[in-house]
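Because only heavy atoms are used, hydrogens play no part in the values below, and waters and symmetry mates are left out as well, while side chains stay in. Keep in mind that what you see is a predicted model, and the values were worked out from it rather than measured.
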Amino acid sequence: MPDTTGIPYTLHTFEPISLKEMDAVRLLDRVDVKYMFHRDLLQDILQQSARDYRVLTIAGSGFSRYETRYFDTPDLEMYLQHHNGKLNRHKVRFRDYVDSGIRFFEVKLKTNKGRTIKDRVKQNSPAYRIEGDSELLLKEKTGYDPSMLVQSIQVNYKRITLVRKDMTERLTLDFDLSFLFKNTNKHFPNLVIAEVKQDLAARSPFIATMQSRYIPAHSLSKYCLGIAVMNPGIKTNNFKSKLLHIQKMCHDNL
(Lines give C-alpha, C1' and ligand atoms only; values in the text may rest on other atoms or scores of the structure.)
Protein backbone atom coordinates (compact mmCIF):
# COMPACT_ATOMS: atom_id res chain seq x y z
CA MET A 1 0.00 0.00 0.00
CA PRO A 2 1.66 3.26 -1.05
CA ASP A 3 1.89 5.47 2.00
CA THR A 4 3.27 8.68 0.55
CA THR A 5 0.76 9.40 -2.25
CA GLY A 6 0.88 13.11 -3.01
CA ILE A 7 3.26 13.88 -0.14
CA PRO A 8 6.56 13.85 -2.11
CA TYR A 9 5.11 16.34 -4.58
CA THR A 10 3.93 18.60 -1.76
CA LEU A 11 7.33 18.45 -0.06
CA HIS A 12 8.99 19.62 -3.28
CA THR A 13 7.07 22.90 -2.90
CA PHE A 14 9.04 23.63 0.30
CA GLU A 15 12.37 25.42 0.35
CA PRO A 16 14.88 22.67 1.31
CA ILE A 17 17.30 22.72 4.23
CA SER A 18 20.34 20.44 4.61
CA LEU A 19 21.51 18.55 7.69
CA LYS A 20 24.48 20.91 8.00
CA GLU A 21 22.24 23.99 7.89
CA MET A 22 19.92 22.39 10.45
CA ASP A 23 22.74 22.18 13.04
CA ALA A 24 21.80 25.73 14.04
CA VAL A 25 18.41 24.51 15.27
CA ARG A 26 19.21 21.18 16.97
CA LEU A 27 17.32 22.16 20.15
CA LEU A 28 18.70 19.42 22.38
CA ASP A 29 17.35 21.43 25.36
CA ARG A 30 13.82 22.39 24.40
CA VAL A 31 10.10 22.61 25.04
CA ASP A 32 7.98 20.06 23.14
CA VAL A 33 4.31 20.16 22.15
CA LYS A 34 2.79 17.06 20.54
CA TYR A 35 -0.25 16.50 18.34
CA MET A 36 -1.90 13.44 16.82
CA PHE A 37 -4.12 13.43 13.75
CA HIS A 38 -5.33 11.20 10.93
CA ARG A 39 -3.11 10.57 7.93
CA ASP A 40 -5.77 11.97 5.58
CA LEU A 41 -5.03 15.47 6.92
CA LEU A 42 -1.27 15.33 6.39
CA GLN A 43 -0.99 16.61 2.84
CA ASP A 44 -3.30 19.56 3.45
CA ILE A 45 -1.46 20.49 6.64
CA LEU A 46 1.86 20.34 4.77
CA GLN A 47 0.52 22.64 2.07
CA GLN A 48 -0.55 25.08 4.77
CA SER A 49 2.95 24.99 6.31
CA ALA A 50 5.06 25.58 3.19
CA ARG A 51 5.07 29.38 3.62
CA ASP A 52 6.66 29.30 7.09
CA TYR A 53 8.91 26.23 7.06
CA ARG A 54 11.76 24.60 5.13
CA VAL A 55 11.94 20.82 4.77
CA LEU A 56 14.97 18.71 5.60
CA THR A 57 16.00 17.14 2.31
CA ILE A 58 18.46 14.25 2.03
CA ALA A 59 19.38 12.76 -1.35
CA GLY A 60 16.41 14.54 -2.89
CA SER A 61 13.87 13.11 -0.43
CA GLY A 62 11.81 15.14 2.03
CA PHE A 63 11.25 12.28 4.45
CA SER A 64 13.55 9.75 6.11
CA ARG A 65 13.22 6.30 7.66
CA TYR A 66 13.97 5.80 11.34
CA GLU A 67 14.48 2.69 13.45
CA THR A 68 14.61 3.15 17.21
CA ARG A 69 15.39 0.47 19.77
CA TYR A 70 14.42 1.42 23.31
CA PHE A 71 16.01 -0.04 26.42
CA ASP A 72 14.39 -0.31 29.83
CA THR A 73 14.63 -2.45 32.94
CA PRO A 74 13.01 -5.92 32.69
CA ASP A 75 10.04 -4.62 34.71
CA LEU A 76 9.77 -1.49 32.47
CA GLU A 77 10.65 0.99 35.18
CA MET A 78 11.14 3.91 32.76
CA TYR A 79 7.77 3.28 31.10
CA LEU A 80 6.03 3.12 34.47
CA GLN A 81 7.72 6.32 35.64
CA HIS A 82 6.27 8.07 32.59
CA HIS A 83 2.86 6.47 33.12
CA ASN A 84 2.83 7.51 36.77
CA GLY A 85 3.77 11.11 35.94
CA LYS A 86 7.22 11.06 37.53
CA LEU A 87 9.29 14.08 36.58
CA ASN A 88 13.03 14.02 35.87
CA ARG A 89 12.50 10.75 33.99
CA HIS A 90 14.62 9.19 31.27
CA LYS A 91 14.38 7.32 27.99
CA VAL A 92 17.28 5.27 26.66
CA ARG A 93 17.55 4.23 23.02
CA PHE A 94 19.58 3.51 19.92
CA ARG A 95 18.36 5.48 16.91
CA ASP A 96 19.18 4.49 13.33
CA TYR A 97 18.84 7.01 10.53
CA VAL A 98 18.25 4.28 7.98
CA ASP A 99 18.78 6.24 4.76
CA SER A 100 22.08 7.79 5.86
CA GLY A 101 23.40 4.77 7.78
CA ILE A 102 24.06 6.82 10.94
CA ARG A 103 23.33 5.52 14.45
CA PHE A 104 23.31 7.29 17.80
CA PHE A 105 22.94 6.11 21.37
CA GLU A 106 20.68 8.64 23.09
CA VAL A 107 19.55 9.49 26.60
CA LYS A 108 16.55 11.83 26.99
CA LEU A 109 15.63 13.59 30.21
CA LYS A 110 12.20 15.14 30.82
CA THR A 111 12.77 17.65 33.61
CA ASN A 112 10.42 18.88 36.32
CA LYS A 113 10.41 22.19 34.43
CA GLY A 114 8.79 20.53 31.43
CA ARG A 115 11.93 20.72 29.30
CA THR A 116 13.41 17.88 27.23
CA ILE A 117 17.20 17.49 27.27
CA LYS A 118 18.82 14.99 24.91
CA ASP A 119 22.41 13.75 25.00
CA ARG A 120 23.82 11.36 22.43
CA VAL A 121 26.98 9.73 21.12
CA LYS A 122 27.56 8.39 17.62
CA GLN A 123 27.82 4.62 17.24
CA ASN A 124 30.17 2.82 14.87
CA SER A 125 29.54 -0.76 16.00
CA PRO A 126 26.86 -2.82 14.20
CA ALA A 127 25.74 -4.26 17.56
CA TYR A 128 23.19 -2.68 19.87
CA ARG A 129 25.31 -2.89 23.01
CA ILE A 130 25.63 -0.17 25.63
CA GLU A 131 29.39 -0.05 26.01
CA GLY A 132 32.29 2.39 25.70
CA ASP A 133 31.11 5.98 25.27
CA SER A 134 27.48 4.81 25.43
CA GLU A 135 28.03 3.21 28.81
CA LEU A 136 29.75 6.35 30.11
CA LEU A 137 26.86 8.51 28.91
CA LEU A 138 24.26 6.18 30.42
CA LYS A 139 25.94 6.15 33.84
CA GLU A 140 26.60 9.89 33.86
CA LYS A 141 23.08 10.94 32.90
CA THR A 142 20.86 8.26 34.46
CA GLY A 143 22.66 6.29 37.14
CA TYR A 144 21.67 3.06 35.36
CA ASP A 145 24.25 0.41 34.56
CA PRO A 146 24.01 -1.41 31.18
CA SER A 147 23.51 -4.71 33.01
CA MET A 148 20.24 -3.32 34.40
CA LEU A 149 18.68 -2.76 30.95
CA VAL A 150 17.28 -4.90 28.15
CA GLN A 151 15.85 -3.99 24.74
CA SER A 152 12.16 -3.36 25.36
CA ILE A 153 10.68 -2.47 21.95
CA GLN A 154 11.60 -1.43 18.40
CA VAL A 155 9.78 1.48 16.78
CA ASN A 156 9.95 2.11 13.01
CA TYR A 157 8.50 5.10 11.19
CA LYS A 158 9.00 7.70 8.48
CA ARG A 159 9.70 11.28 9.46
CA ILE A 160 9.26 14.65 7.80
CA THR A 161 11.36 17.35 9.48
CA LEU A 162 10.39 20.99 9.00
CA VAL A 163 12.44 23.95 10.20
CA ARG A 164 10.91 27.37 10.67
CA LYS A 165 12.49 29.86 8.31
CA ASP A 166 13.69 32.08 11.17
CA MET A 167 15.45 28.99 12.66
CA THR A 168 13.65 29.20 16.02
CA GLU A 169 11.65 26.00 15.73
CA ARG A 170 11.87 22.45 14.48
CA LEU A 171 8.83 20.35 13.67
CA THR A 172 8.70 16.60 13.08
CA LEU A 173 5.82 14.66 11.54
CA ASP A 174 6.06 10.91 12.06
CA PHE A 175 3.90 8.50 10.05
CA ASP A 176 3.76 4.89 8.85
CA LEU A 177 4.40 3.90 12.45
CA SER A 178 5.01 0.27 13.46
CA PHE A 179 6.11 -1.50 16.63
CA LEU A 180 8.07 -4.74 16.99
CA PHE A 181 7.77 -6.44 20.37
CA LYS A 182 8.84 -10.05 20.99
CA ASN A 183 8.46 -10.98 17.29
CA THR A 184 4.98 -9.39 17.12
CA ASN A 185 4.43 -6.41 14.81
CA LYS A 186 1.65 -3.81 14.91
CA HIS A 187 1.23 -1.13 12.26
CA PHE A 188 -0.57 2.23 12.60
CA PRO A 189 -1.02 3.39 8.98
CA ASN A 190 -3.51 6.15 9.80
CA LEU A 191 -1.69 7.85 12.68
CA VAL A 192 0.50 10.96 12.37
CA ILE A 193 2.38 12.20 15.43
CA ALA A 194 3.59 15.78 15.15
CA GLU A 195 5.99 17.39 17.58
CA VAL A 196 6.88 21.07 17.79
CA LYS A 197 10.30 21.68 19.35
CA GLN A 198 11.24 25.18 20.51
CA ASP A 199 13.75 26.85 22.81
CA LEU A 200 10.84 28.77 24.31
CA ALA A 201 7.09 28.28 24.09
CA ALA A 202 6.78 31.09 21.54
CA ARG A 203 3.95 31.36 19.03
CA SER A 204 4.30 28.75 16.31
CA PRO A 205 2.65 28.82 12.86
CA PHE A 206 2.11 25.06 13.11
CA ILE A 207 0.46 25.34 16.52
CA ALA A 208 -1.79 28.02 15.06
CA THR A 209 -2.70 25.59 12.26
CA MET A 210 -3.58 22.89 14.80
CA GLN A 211 -5.72 25.34 16.76
CA SER A 212 -7.54 26.50 13.62
CA ARG A 213 -8.43 22.84 12.92
CA TYR A 214 -9.47 22.20 16.54
CA ILE A 215 -6.75 19.55 16.92
CA PRO A 216 -5.77 19.52 20.61
CA ALA A 217 -2.27 18.90 21.94
CA HIS A 218 -1.74 15.34 23.14
CA SER A 219 1.40 14.20 24.93
CA LEU A 220 2.01 10.47 24.48
CA SER A 221 5.44 9.27 23.44
CA LYS A 222 5.89 6.64 20.74
CA TYR A 223 7.69 4.52 23.32
CA CYS A 224 4.79 4.59 25.77
CA LEU A 225 2.25 4.02 23.00
CA GLY A 226 4.17 0.98 21.78
CA ILE A 227 4.59 -0.55 25.23
CA ALA A 228 0.94 0.13 26.10
CA VAL A 229 -0.51 -1.54 23.00
CA MET A 230 2.03 -4.38 22.64
CA ASN A 231 2.41 -5.54 26.23
CA PRO A 232 -0.85 -7.07 27.54
CA GLY A 233 -1.26 -6.61 31.26
CA ILE A 234 0.99 -3.56 31.56
CA LYS A 235 -0.41 -0.65 33.53
CA THR A 236 -2.12 1.78 31.10
CA ASN A 237 -4.95 3.43 33.04
CA ASN A 238 -3.36 6.89 32.99
CA PHE A 239 -3.04 6.63 29.19
CA LYS A 240 -6.55 5.26 28.63
CA SER A 241 -8.11 8.48 27.31
CA LYS A 242 -5.25 9.00 24.85
CA LEU A 243 -5.39 5.40 23.64
CA LEU A 244 -9.14 5.69 23.12
CA HIS A 245 -8.58 8.94 21.22
CA ILE A 246 -6.13 7.19 18.86
CA GLN A 247 -8.49 4.25 18.38
CA LYS A 248 -11.44 6.51 17.58
CA MET A 249 -9.42 8.84 15.34
CA CYS A 250 -7.58 6.18 13.36
CA HIS A 251 -10.15 3.37 13.45
CA ASP A 252 -7.43 1.04 14.73
CA ASN A 253 -8.12 -1.71 17.20
CA LEU A 254 -5.67 -1.27 20.05
Side-chain angles (χ1 to χ4, degrees), residues 1-5 7-8 11 19 32 34-40 42-43 46 55-59 61-72 76 78-79 82 91-108 116 118 120 122-123 125-130 134 149-162 170-195 197 218-232 234 236 239 242-243 246-247 249-254:
M1 179 180 68
D3 60 10
T4 55
T5 302
I7 293 173
L11 292 175
L19 275 172
D32 299 344
K34 292 184 180 180
Y35 297 89
M36 297 183 289
F37 54 87
H38 195 282
R39 173 64 178 276
D40 287 348
L42 179 56
Q43 186 169 346
L46 286 171
V55 64
L56 175 63
T57 304
I58 301 173
S61 177
F63 62 87
S64 302
R65 293 176 295 159
Y66 284 60
E67 290 183 2
T68 307
R69 289 165 170 81
Y70 286 90
F71 282 67
D72 206 331
L76 299 172
M78 284 182 252
Y79 165 84
H82 190 143
K91 289 193 180 72
V92 175
R93 67 195 186 193
F94 286 92
R95 168 164 286 177
D96 284 79
Y97 297 80
V98 176
D99 300 301
S100 58
I102 298 172
R103 178 184 302 162
F104 287 94
F105 174 76
E106 301 181 342
V107 174
K108 286 179 68 177
T116 301
K118 182 169 72 173
R120 65 184 189 178
K122 192 173 182 180
Q123 299 293 293
S125 168
Y128 295 93
R129 289 196 294 265
I130 305 174
S134 300
L149 305 180
V150 295
Q151 183 174 318
S152 52
I153 199 167
Q154 179 177 330
V155 185
N156 297 343
Y157 53 93
K158 296 185 177 74
R159 167 169 287 183
I160 298 165
T161 300
L162 303 182
R170 183 156 49 91
L171 162 65
T172 57
L173 298 124
D174 298 337
F175 62 102
D176 204 16
L177 189 69
S178 64
F179 300 105
L180 181 62
F181 177 79
K182 295 182 178 178
N183 298 317
T184 300
N185 185 278
K186 186 168 182 62
H187 185 212
F188 285 79
N190 296 322
L191 177 64
V192 179
I193 299 177
E195 187 168 5
K197 307 170 187 188
H218 280 281
S219 180
L220 181 60
S221 74
K222 289 184 287 294
Y223 177 60
C224 288
L225 173 60
I227 292 295
V229 301
M230 299 291 287
N231 195 338
I234 193 70
T236 62
F239 295 148
K242 295 171 184 176
L243 295 173
I246 293 172
Q247 184 171 358
M249 175 181 64
C250 295
H251 312 295
D252 286 321
N253 184 12
L254 305 187

Contacts of Lys182 that satisfy side-chain contact (heavy atoms from CB on, under 4.5 Å) - sequence neighbours left out: none
Minimum heavy-atom distance between His187 and Leu177, given as atom pair plus value: CD2-O, 3.1 Å
Which distance, rounded to the nearest 0.5 Å, do you find between the CD of Glu195 and the NZ of Lys197? 4.5 Å
List the residues meeting side chain to side chain donor-acceptor pair (under 3.5 Å) with Tyr223, not counting sequence neighbours, and say none if there are none. Asp72, Ser152
Please name all residues satisfying side chain to side chain donor-acceptor pair (under 3.5 Å) with Tyr97, sequence neighbours left out, ordered by chain then number. Arg120
Of all heavy-atom pairs between Thr68 and Asn156, which one has the smallest distance, and what is that distance? N-OD1, 4.4 Å
Of all residues at least two apart in sequence or in a different chain, which pass the ring-ring contact (aromatic ring centres under 6.0 Å, His included) check with Phe239? Tyr79, His82, His83
All side-chain contact (heavy atoms from CB on, under 4.5 Å) counterparts of Phe181, not counting sequence neighbours: Ile153, Met230, Asn231
Beyond-backbone contact of Leu191 with Met249, side-chain heavy atoms, under 4.5 angstrom: yes
First locate atom CG of Leu149, then atom CD1 of Ile130, and finally report the distance between them rounded to the nearest 0.5 Å. 5.0 Å
Given side-chain contact (heavy atoms from CB on, under 4.5 Å), test Gln123 with Asp96 step by step and report yes or no. CA-CA 9 Å; Gln123 299 293 293; Asp96 284 79; over 6 Å; no
Taking the side chain as C-beta and beyond, is there a heavy-atom pair between Leu46 and Leu162 under 4.5 Å? yes
With rounding to the nearest 0.5 Å, note down the distance linking OH in Tyr35 to CG in Leu171. 10.0 Å
Run the side-chain contact (heavy atoms from CB on, under 4.5 Å) test against Ala127 and tell me which residues pass, sequence neighbours left out. Ser125, Arg129
Say you draw a straight line from CD1 of Ile193 to CZ of Phe37; how long is it, rounded to the nearest 0.5 Å? 10.0 Å
CZ-NZ distance between Arg93 and Lys118, expressed to the nearest 0.5 angstrom: 5.5 Å
Non-neighbouring partners of Arg159 that pass salt bridge (Lys or Arg N to Asp or Glu O under 4.0 Å), sequence neighbours left out: Asp174
Within-4.5 Å side-chain heavy-atom neighbours: Ile160 and Ile7: yes
Can you list the residues that meet the side-chain contact (heavy atoms from CB on, under 4.5 Å) rule with Leu180, with sequence neighbours excluded? Gln154, Asn185
Of all residues at least two apart in sequence or in a different chain, which pass the ring-ring contact (aromatic ring centres under 6.0 Å, His included) check with Phe179? Phe188
Is the backbone of Val55 close enough, under 3.5 Å, to the side chain of Thr57 for a donor and an acceptor to pair up by distance? yes
Between atom CD1 of Ile58 and atom OG of Ser64, what is the distance when rounded to the nearest 0.5 Å? 4.0 Å
Is the closest side-chain heavy-atom distance between Arg170 and Leu56 below 4.5 Å? no
Any Leu243 side-chain heavy atom under 4.5 Å of Leu220 side chain: yes
Tell me if a side-chain donor or acceptor on Asp99 pairs with a main-chain N or O of Arg65 at a distance below 3.5 Å. yes
For Ser221 against Lys91, the heavy-atom pair lying closest together: OG-CE, 3.4 Å
Mind checking ring-ring contact (aromatic ring centres under 6.0 Å, His included) for Phe94 and listing every partner two or more places apart, or none if nothing turns up? Phe71, Phe105, Tyr128
